[in-house]
Amino acid sequence: PGAARREVIGRGFFQAEDGIRDSWASRGLGDVYKRQDDMLETMYAAPGIGLAAIQVGVPKKVIVIDLSKEEKKNPLYFVNPKIIIRSKNNSTYEEGCLSVPGQFAEVDRPNQCHIKYLDYNGQNKELKAEGLLATCIQHEMDHLEGILFIDYLSKLKKNFIVKKLSKRKKALERIVV
C-alpha cells in the first residue's frame with residue numbers, strides 16, 4: 001500500500017552505513033517505514049526472497065527477507081543487523097542475486113547464525129536463524145559490506161559469470177533501427 005518499486009542495481013562501490021535509528025529520530029519514523037515498504041515491494045516484484053538497501057542505491061544497513069512461498073506474505077525486516085555467532089558447520093545452497101540477474105551457484109555458508117537487529121518498528125530483537133533463513137540473512141548482510149555471492153566462487157567460475165553478465169549488458173545496450 002503506497003510502496004514504490006526501486007531499480008535493483010549491481011555491485012555498489014560503497015558499503016552501507018549505520019544510523020537508521022538516528023534517521024528515525026531526526027527525520028521521523030515515516031522515512032524508515034517507507035524505505036522498508038519500498039524495498040519489500042521491489043523484492044516481491046523482482047521476484048526475490050531478500051533485498052539489501054544498498055541494492056536499491058540506499059547506503060543504509062537495512063535488509064528485508066520473505067521466504068514464504070504461499071499467497072500469505074511473511075516479511076522480515078532487519079535494521080542495523082549484526083551477526084553475534086555463526087555456526088562452525090556449513091550448509092550448501094544454490095544462491096542467486098537480484099544484483100547478478102539470471103546467475104546461480106552453490107555457496108557454502110554457516111548453517112546457523114544468531115543476530116541482533118532492530119525490527120520494522122525500531123525495537124531491539126535477536127534471532128537464532130538456521131537453514132535457508134540463515135543463508136539468506138548472511139547473503140543480504142554481505143551486500144552491506146560490498147560482497148556478492150560470486151565473491152565466494154572460484155576465480156574461474158566468477159570470471160565466467162562476470163563475462164556472461166558483460167555480454168548480456170552489451171546486448172541490451174545495442175540499439176536496433
Side-chain angles (χ1 to χ4, degrees), residues 8-20 36 39-40 42-70 72-120 123-168:
V8 176
I9 57 176
R11 179 188 296 267
F13 295 104
F14 45 89
Q15 296 177 350
E17 55 192 49
D18 284 328
I20 294 296
Q36 291 176 96
M39 288 174 58
L40 202 60
T42 301
M43 182 190 77
Y44 289 143
I49 60 171
L51 186 69
I54 199 76
Q55 290 178 276
V56 291
V58 177
K60 297 292 181 186
K61 290 189 174 183
V62 178
I63 63 175
V64 295
I65 295 173
D66 190 344
L67 303 180
S68 64
K69 295 179 181 177
E70 301 144 15
K72 186 174 184 330
K73 303 296 183 194
N74 186 28
L76 300 171
Y77 304 88
F78 302 89
V79 177
N80 290 341
K82 181 175 180 158
I83 295 178
I84 303 166
I85 301 170
R86 292 179 201 254
S87 169
K88 293 182 180 169
N89 299 319
N90 286 345
S91 290
T92 302
Y93 282 93
E94 183 178 65
E95 295 187 26
C97 183
L98 300 177
S99 296
V100 188
Q103 304 304 309
F104 302 90
E106 289 188 345
V107 176
D108 290 333
R109 294 184 187 270
N111 65 356
Q112 296 178 336
C113 64
H114 181 174
I115 67 168
K116 284 185 175 182
Y117 63 98
L118 300 175
D119 68 7
Y120 184 86
Q123 300 299 308
N124 285 308
K125 298 283 185 174
E126 288 191 25
L127 175 69
K128 291 180 181 176
E130 60 183 40
L132 181 58
L133 179 57
T135 294
C136 193
I137 287 170
Q138 293 171 83
H139 174 111
E140 297 308 329
M141 287 182 67
D142 276 351
H143 282 294
L144 304 179
E145 303 302 325
I147 300 168
L148 295 176
F149 83 95
I150 61 173
D151 295 325
Y152 291 99
L153 305 178
S154 70
K155 188 174 181 179
L156 181 67
K157 286 182 181 177
K158 181 178 176 178
N159 287 341
F160 178 73
I161 289 174
V162 169
K163 284 180 184 178
K164 282 175 70 173
L165 290 171
S166 294
K167 285 180 183 178
R168 182 177 175 189

Given side chains that start at C-beta, do those of H139 and R109 come closer than 4.5 Å, heavy atoms only?
yes
Apply side-chain contact (heavy atoms from CB on, under 4.5 Å) to the pair Q112 and K128, showing each step before the final yes or no.
CA-CA 7 Å; Q112 296 178 336; K128 291 180 181 176; over 6 Å; no
For atom NZ of K163, is the number of surrounding heavy atoms from other residues, nucleotides or ligands below 6.0 Å larger than 12?
no
What one should report as the nearest heavy-atom pair of L144 and K60 is CD2-O, 3.8 Å
Between Q138 (side chain) and A134 (backbone), is there a donor-acceptor pair under 3.5 Å?
yes
Apply side chain to side chain donor-acceptor pair (under 3.5 Å) to residues E106 and T92 and explain how you reach the verdict.
CA-CA 6 Å; E106 289 188 345; T92 302; 5.7 Å; no
What's the shortest heavy-atom distance between E140 and A52, and which atoms?
OE1-N, 3.2 Å
With a 4.5 Å cut-off on side-chain heavy atoms, are P75 and Y44 touching?
yes
Once rounded to the nearest 0.5 Å, what's the spacing between atom CG of L76 and atom NZ of K125?
11.5 Å
pair L165-Q103: side-chain heavy atoms closer than 4.5 Å
yes
Hey, could you give me the NE2/CD1 distance between H114 and I83, rounded to the nearest 0.5 Å?
11.0 Å
If every non-hydrogen atom of S91 is compared with every non-hydrogen atom of N111, which pair is closest and at what distance?
OG-CB, 2.9 Å
Could you walk me through whether E126 and K82 pass the side-chain contact (heavy atoms from CB on, under 4.5 Å) test, one step at a time?
CA-CA 9 Å; E126 288 191 25; K82 181 175 180 158; over 6 Å; no
Just jot down the ring-ring contact (aromatic ring centres under 6.0 Å, His included) partners of Y152, sequence neighbours excluded, or say none.
none
Within the 4.5 Å heavy-atom criterion, are T42 and L98 side-chain neighbours or not?
no
For atom CZ of F160, decide whether the heavy atoms of other residues, nucleotides or ligands shown that lie under 6.0 angstrom number more than 12.
no
Minimum heavy-atom distance between D151 and G146, given as atom pair plus value
OD2-O, 4.2 Å
To the nearest 0.5 Å, what is the distance between OH (Y117) and CG (L127)?
5.0 Å
Can a donor-acceptor pair be found, under 3.5 Å and without considering hydrogens, that links the side chain of D66 to the backbone of N74?
yes
Indicate the atoms forming the closest heavy-atom contact of Y77 with Q36, along with that distance.
CB-OE1, 3.3 Å
Determine whether H143 and I63 make a side-chain contact, defined as any pair of heavy atoms from C-beta on separated by less than 4.5 Å.
no
What are the two closest non-hydrogen atoms of P81 and M141, and how far apart are they?
O-CE, 3.4 Å
